[in-house]
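Remarks on the structure that follows.
Computed from a predicted structure; not experimentally measured.
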Amino acid sequence: MKKYIKSLLLLALAAVVFTGCKEEYGTEPGNDGTPVGTVYQYKVGDGYNADNDCLFRVATNAAVSEVYYLAELKSAKEARKMTESEYADYVVANGKKIEVKSSDYKDVYVTDLHGLYTITVVAVNGGTKTSQSINFEGLDYKPLGTGTYTSEMFGNIGTVNVEYSEVGNRYRIKDLWKQGHGFSFSPNGRKVTVYPSSMETGVTHSKYGMITATDQGSTYDEGTKTFTFNFNFTVSAGSFGVKQEVLVLNK
């Protein structure tokens, strides 16, 4: 009787293991008959422009034979009115091939994107295709007008050129303290986010070197079109303290 019960328990255990194996089949690389390229999006590093350059990684499973991608404006993709399957075919026919092996990965940089983009990656095995997409907001600055800039740190700078990108609701002063040394900023109600949060001003102290500005929390007054930036200015020897920088947009 004990042997009979033991046999039943072993059969039940074998059934559970077999079911578990069936459930895992198709989800683990190497077991899946369907090609899958999993897409991961990252922020670009040094040497690239985070405002307009996109970095993504494609990780393939064992069933992948080829991978293609296509980056195009989201509006253009939507205008095609294709099904997912039709668009996958379109990407293979019109996109770029990614040289990546099965059960491997490849990092891909797509640069100089201005506007709202969709990047679609298609994994292929014979006639079988699967796709994944990511979105990227490429800032697209246009001249907005001018503003009056006053610096508690450097004095009355005066009239500055201001640019604006509808994508990201982002303002920018490209050349402020020195040529090529400025920053961008985005209001959300009264709160303002500064990009980058810490930056070199291009102005050097005669003894302690480059002066750096770090945002300490900035604000916006819609009624007067006034941005107030609270920056902590520092050099290698220490801090000058938090100073106010004020930009009033010319109406």
Side-chain angles (χ1 to χ4, degrees), residues 40-56 73-75 109-119 134-203 210-235 239-251:
Y40 303 92
Q41 189 170 0
Y42 301 101
K43 185 177 180 180
V44 295
D46 294 341
Y48 290 90
N49 177 10
D51 288 348
N52 303 106
D53 298 341
C54 178
L55 166 63
F56 65 91
L73 289 169
K74 185 178 180 182
S75 57
Y109 289 88
V110 187
T111 60
D112 201 29
L113 300 177
H114 296 262
L116 295 174
Y117 273 79
T118 297
I119 300 173
I134 58 174
N135 295 317
F136 180 81
E137 294 186 353
L139 301 182
D140 191 22
Y141 289 107
K142 309 285 186 190
L144 176 69
T146 60
T148 302
Y149 197 96
T150 305
S151 171
E152 188 180 353
M153 180 69 184
F154 301 113
N156 184 12
I157 292 176
T159 301
V160 294
N161 293 317
V162 181
E163 300 170 309
Y164 179 71
S165 170
E166 288 187 10
V167 178
N169 183 31
R170 189 85 65 87
Y171 296 82
R172 179 173 71 174
I173 307 174
K174 189 176 182 181
D175 304 309
L176 179 59
W177 300 294
K178 290 288 186 179
Q179 187 78 18
H181 289 274
F183 59 94
S184 61
F185 45 97
S186 181
N188 183 8
R190 283 191 54 81
K191 183 179 178 182
V192 174
T193 302
V194 174
Y195 305 91
S197 59
S198 182
M199 65 227 116
E200 293 183 348
T201 64
V203 180
M210 181 62 66
I211 300 175
T212 298
T214 302
D215 183 42
Q216 302 298 302
S218 299
T219 61
Y220 177 58
D221 186 325
E222 172 69 26
T224 60
K225 303 294 183 184
T226 300
F227 291 88
T228 302
F229 305 103
N230 297 298
F231 289 161
N232 181 26
F233 290 93
T234 59
V235 289
S239 172
F240 292 99
V242 177
K243 309 287 186 181
Q244 280 196 348
E245 308 271 300
V246 178
L247 169 68
V248 181
L249 297 177
N250 294 329
K251 299 178 183 179

For the student: nearest non-hydrogen atoms of [X] and [Y], plus distance:
X    : Y    : answer
I211 : T201 : O-OG1, 2.8 Å
T214 : S198 : OG1-OG, 3.0 Å
K43  : A50  : CE-CB, 4.1 Å
G168 : L139 : CA-CD2, 4.2 Å

Side-chain contact test, heavy atoms from C-beta onward, threshold under 4.5 Å: evaluate it for [X] versus [Y] and give yes or no.
X    : Y    : answer
F154 : V203 : yes
Q41  : F136 : yes
L247 : V160 : yes
F240 : T234 : no
I134 : Y40  : no
Y141 : R170 : yes
N161 : P143 : no
Y149 : E245 : yes

Problem - Within 6.0 angstrom of N188 CG, more than 12 heavy atoms from elsewhere - result: no
Handout entry: salt bridge (charged side-chain N to carboxylate O under 4.0 Å, His left out) contacts in which one or both residues fall within residues 145-154, not counting sequence neighbours
Key = none
Exercise for the section: Might you work through the side-chain contact (heavy atoms from CB on, under 4.5 Å) test for L116 and L73, ending with a clear yes or no? Expected result: CA-CA 6 Å; L116 295 174; L73 289 169; 5.7 Å; no
Handout entry: Which residues share a ring pair (Phe, Tyr, Trp, His ring centres under 6.0 Å) with Y48, sequence neighbours left out
Key = Y109
Please list, chain by chain and in numerical order, all residues satisfying side chain to side chain donor-acceptor pair (under 3.5 Å) with [X], sequence neighbours excluded.
X    : answer
S218 : D215
H181 : none
N250 : T146
D112 : H114

Problem - Verdict with reasoning, I157 to T150, per side-chain contact (heavy atoms from CB on, under 4.5 Å) - result: CA-CA 6 Å; I157 292 176; T150 305; over 6 Å; no
Exercise for the section: Dump the intermediate steps for side-chain contact (heavy atoms from CB on, under 4.5 Å) on N156 and S151, then the final yes or no. Expected result: CA-CA 6 Å; N156 184 12; S151 171; over 6 Å; no
Throw together a table of side-chain donor-acceptor distances under 3.5 angstrom for residues 189-197, partners on residues two or more places apart or in other chains.
none

Could I get the full list of salt bridge (charged side-chain N to carboxylate O under 4.0 Å, His left out) partners for [X], not counting sequence neighbours?
X    : value
K142 : D140
E163 : R172
D53  : none

Handout entry: side chain to side chain contact (heavy atoms under 4.5 Å, CB included) against E166, all qualifying residues, sequence neighbours excluded
Key =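 Counting only residues at least two positions away or on another chain, E166 forms a side chain to side chain contact (heavy atoms under 4.5 Å, CB included) with Y164.
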Please list, one pair per line, the donor and acceptor atoms closer than 3.5 Å that link side chains of residues 225-233 to other protein atoms, with sequence neighbours excluded.
{"unit_1": "K225", "atom_1": "NZ", "unit_2": "E222", "atom_2": "OE2", "d": "2.7"}
{"unit_1": "T226", "atom_1": "OG1", "unit_2": "T224", "atom_2": "O", "d": "3.1"}
{"unit_1": "T226", "atom_1": "OG1", "unit_2": "T224", "atom_2": "OG1", "d": "2.9"}
{"unit_1": "N230", "atom_1": "ND2", "unit_2": "G217", "atom_2": "O", "d": "2.8"}
{"unit_1": "N232", "atom_1": "OD1", "unit_2": "S239", "atom_2": "OG", "d": "2.6"}

Problem - Value rounded to 0.5 Å, distance of OG in S184 from CD1 in I173 - result: 10.0 Å
Completion exercise
Rounded to the nearest 0.5 angstrom, the CD-SG distance for E137 and C54 is 11.5 Å
Exercise for the section: Give the intermediate values and the outcome of side-chain contact (heavy atoms from CB on, under 4.5 Å) for residues Y117 and N135. Expected result: CA-CA 6 Å; Y117 273 79; N135 295 317; over 6 Å; no
